[in-house]
Amino acid sequence: MPEVTIIYGADTKTIQAEEGALLGDIIAQSNLPLEQPCAGRGTCGKCKVLVEIGTAPPDEIEITNLSPGEIALNNRLACRARIQGETRIVLSPIVVYSNKIFKGSSRYKKDPAIPLGLAIDLGSTTVAAFLTALDNGEVAAGSGGLNQQTVYGSDVISRLAAALDDPQNKNRLHRLALASINQAVDSLNMSSKTWDRIQHVTIVGNVAMHHLLTEMPLDNLAFIPFQPHDSNSIPDASAYMEGIFPEGVKVSLPALIGGFVGSDTLACLAYFGFDNPEGPMAAIDLGTNGEVMITDGTQILTASTAAGPAFEGVNISCGSRAVDGAITRVTRKDEEIILTTIADAPPLGLTGSGLLSAISEFRRAGIIDSSGRINPDLNASDAELVSEDKDGVKQIQLKQDTDLYLTQKDIRELQKAKGAIRAAVDVLMDQLELAPEDLKRIVLTGSFGGEVDIDSILEIGMIPPVKKDIVETIANGAGFGAAMFLTDEGFALGEKLAERAIQVDLDQDAQFYDFYIEGMKLAP
């Protein structure tokens, strides 16, 4: 009987199977995760897997429900694919984010002569795709989903380690990046006629995402000197795409800045106008791999800081990604806790913005003190909210008769992320000899940054104390900047900014650790 090898991150299982058996049935025997909400009818697409070797050719249902890009990459539906000889597959999560779906200009629908492009933001946690009109750079639609590489760890260091440990892992991470791009693009739900108008694709990401996508050597990045193998732009990157885009579509990868500061930061610099600012300004991409950009009006400094996945709702006891029912805001009125959720659905768990909102609200009420500790001296009403879990860890109940809690560990996770961001900001401000009052503009961006409550950000001190009216949130800075790079003029701007921007190594700054400890406090 054929052997079926099933790979899910670091877990590998091998099972003997009958020739012709359904792949989904074999995966079910492995006890590894696989969603099949449509009960095997092949219509929901939740059971997509990456096939490395084996399986019979796709049937009509698969051909109908898989995109040409997915078929090119050998994505298959486990509920339809059948075993044919020795088989090896890779499992990965399929998640489309509710808060990434938006519609912009519809002008392209009215004029079929307008050429179109795709801007892809390949983030560590989220991959977003933006349909763009090439004649004037308008973003017409956007959508996104989970980066399927998360099966190898939520942080880039874990993924680099996996790739260095085994060349097969490196190739799998490359193909999972392509599968994630496919998923993000497919979630735009473009018609075949719209697809036929796509002429150009740009892909931006941090340096680790760029190198895993292109399968570049990783030694220089993962070890000293912690720099890219090659930071130059790749104007024609079609060879790395394995056919996921139609023949004739140009694919470009903009330049990297240095260290772990990649082309996503470059895209933010372009979109936020760092080439010609009105004065000192800062932009902060709040994500798993946080990027900070500050200019004094002339010099541009950038840094990457390992904020961790708390901003994405990961490693949080009741954390949730941005799906229907995820909590985005926590408020308290007359001692009642009010939870705001995506799509007004029943609450499932805390997103990053929900986590920040909860901590800020309980900090304001005195239930959490400035050190991040849950206050042991509470009045009777507040004390009813606080209990201990089975391990003796204190927790605050968010909704009665549910398992929705904010724990002491959750608060520490946000403090670590907040400390990393604030320390990076303080280091760059110090090197440019800028005081908070010198800043004319602060932009918060990224999946988390675009959703945060500015009052909460200022109250817990994630950014320096500035006037609220100079702070703005823009969810898709890197994606909109990538859309600029679809034109020759925009791509040339990116090249110039890559030459101007300076990457600062935070580990080499003597004050970084002191700034980090101070930055963990929940105070302005």
Side-chain angles (χ1 to χ4, degrees), residues 97-99 286 310-313 316-389 393-415 417-418 444 447-463 465-473 475 520-524:
Y97 289 147
S98 303
N99 71 338
L286 293 170
F311 291 154
E312 311 279 357
I316 303 304
S317 59
C318 68
S320 172
R321 303 193 188 279
V323 297
D324 290 353
I327 300 165
T328 57
R329 188 174 178 84
V330 177
T331 52
R332 199 169 181 229
K333 185 177 181 180
D334 299 330
E335 299 186 356
E336 179 189 1
I337 296 175
I338 301 168
L339 306 178
T340 302
T341 66
I342 294 175
D344 293 325
L348 298 176
L350 288 167
T351 61
S353 55
L355 174 68
L356 170 68
S357 176
I359 291 174
S360 177
E361 188 72 19
F362 293 134
R363 171 77 188 96
R364 196 178 298 127
I367 297 174
I368 299 171
D369 64 25
S370 62
S371 73
R373 184 180 65 157
I374 295 176
N375 194 339
D377 301 316
L378 297 172
N379 61 44
S381 175
D382 289 343
E384 289 182 1
L385 298 174
V386 179
S387 60
E388 292 186 354
D389 66 13
V393 177
K394 284 190 175 182
Q395 56 189 10
I396 303 169
Q397 188 158 36
L398 300 175
K399 186 175 178 62
Q400 287 187 345
D401 303 320
T402 70
D403 290 329
L404 297 175
Y405 292 92
L406 175 72
T407 73
Q408 185 68 71
K409 289 181 180 178
D410 299 336
I411 299 167
R412 294 299 184 220
E413 286 296 318
L414 183 88
Q415 285 182 275
K418 179 250 179 186
L444 305 176
S447 298
F448 173 68
E451 301 289 334
V452 296
D453 176 67
I454 295 173
D455 286 324
S456 297
I457 286 285
L458 289 168
E459 285 175 8
I460 70 167
M462 191 176 293
I463 60 176
V466 296
K467 294 180 179 178
K468 179 182 176 181
D469 59 7
I470 75 162
V471 185
E472 58 189 291
T473 60
M520 286 184 67
K521 294 180 181 177
L522 300 177

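Numbering starts at 1 and runs along the sequence shown. For the numbers below, each heavy atom of this structure counts, side chains included, while hydrogens, waters and symmetry mates do not.
- Scanning all heavy atoms of the two residues, the minimum distance from L404 to P347 falls at CD1-CB, 3.8 Å.
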With side-chain contact (heavy atoms from CB on, under 4.5 Å) as the criterion, how do I463 and L444 come out once you've worked through the C-alpha distance, each side chain's angles and the decisive distance to 0.1 Å?
CA-CA 10 Å; I463 60 176; L444 305 176; 4.2 Å; yes

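- Of the possible donor and acceptor atoms, none in the side chain of Q397 sits under 3.5 Å from a partner among the backbone N and O of S387.
- Side-chain contact between D453 and E361 is absent, with no heavy-atom pair separated by less than 4.5 Å.
- Contact of the T473 side chain with the I457 side chain is not registered, since no non-hydrogen atoms from C-beta on lie closer than 4.5 Å.
- Atoms CG and CD1, from L385 and I337 in turn, are 4.5 Å apart once rounded to the nearest 0.5 Å.
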Which is it for I359 and V330 under the side-chain contact (heavy atoms from CB on, under 4.5 Å) test, yes or no, and what are the steps along the way?
CA-CA 9 Å; I359 291 174; V330 177; over 6 Å; no

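- Between the CG atom in L398 and the CD1 atom in I338 there is a gap of 13.0 Å [rounded to 0.5 Å].
- For the pair K418 (side chain) and K521 (backbone), a donor-acceptor distance under 3.5 Å is present.
- In this structure, R329 places its CZ atom where only 12 or fewer heavy-atom neighbours from other residues, nucleotides or ligands lie under 6.0 Å away.
- Taking CD from E459 and CG from L522, the interatomic distance works out to 11.0 Å, rounded to the nearest 0.5 Å.
- Between the side chain of S320 and the backbone N or O of T351, no donor-acceptor pair lies under 3.5 Å.
- Side chain of D410 to main chain of S317: a donor-acceptor pair is present (N/O by atom type, distance under 3.5 Å, no hydrogens or angles).
- In terms of heavy-atom proximity, Q395 sits nearest to I374 at N-CD1, 4.0 Å.
- Applying the 6.0 Å contact sphere to NZ of K399 captures no more than 12 heavy atoms from other residues, nucleotides or ligands.
- The minimum heavy-atom distance linking I367 with L378 is given by the pair CA-CD2, 3.8 Å.
- Of all non-hydrogen atoms in M462 and L356, the two that sit nearest each other are CE-CD1, 4.4 Å.
- Taking the charged nitrogens against the carboxylate oxygens, R364 and D455 have no contact shorter than 4.0 Å, which rules out a salt bridge.
- Of the possible donor and acceptor atoms, none in the side chain of K409 sits under 3.5 Å from a partner among the backbone N and O of V393.
- The number of heavy atoms from other shown groups lying within 6.0 Å of CG (N379) is above 12.
- Taken from CD1 in I396 to OH in Y405, the straight-line distance is 12.0 Å, to the nearest 0.5 Å.
- Shortest non-hydrogen contact noted between S357 and T328 is CB-O, 4.3 Å.
- Here the side chains of R412 and R373 are in contact, with some heavy-atom distance below 4.5 Å.
- Residue N375 holds its CG atom at 9.5 Å from CZ of R363, rounded to the nearest 0.5 Å.
- Note that CD of E413 is 5.5 Å distant from CD1 of I316, once rounded to the nearest 0.5 Å.
- Within the 3.5 Å criterion, the main-chain N or O of A343 finds no donor-acceptor partner in the side chain of D324.
- Counted by atom type alone, D369 and S371 present one or more donor-acceptor pairs between their side chains at under 3.5 Å.
- When all heavy atoms are compared, the tightest approach of Q415 to G372 is OE1-CA, 3.5 Å.
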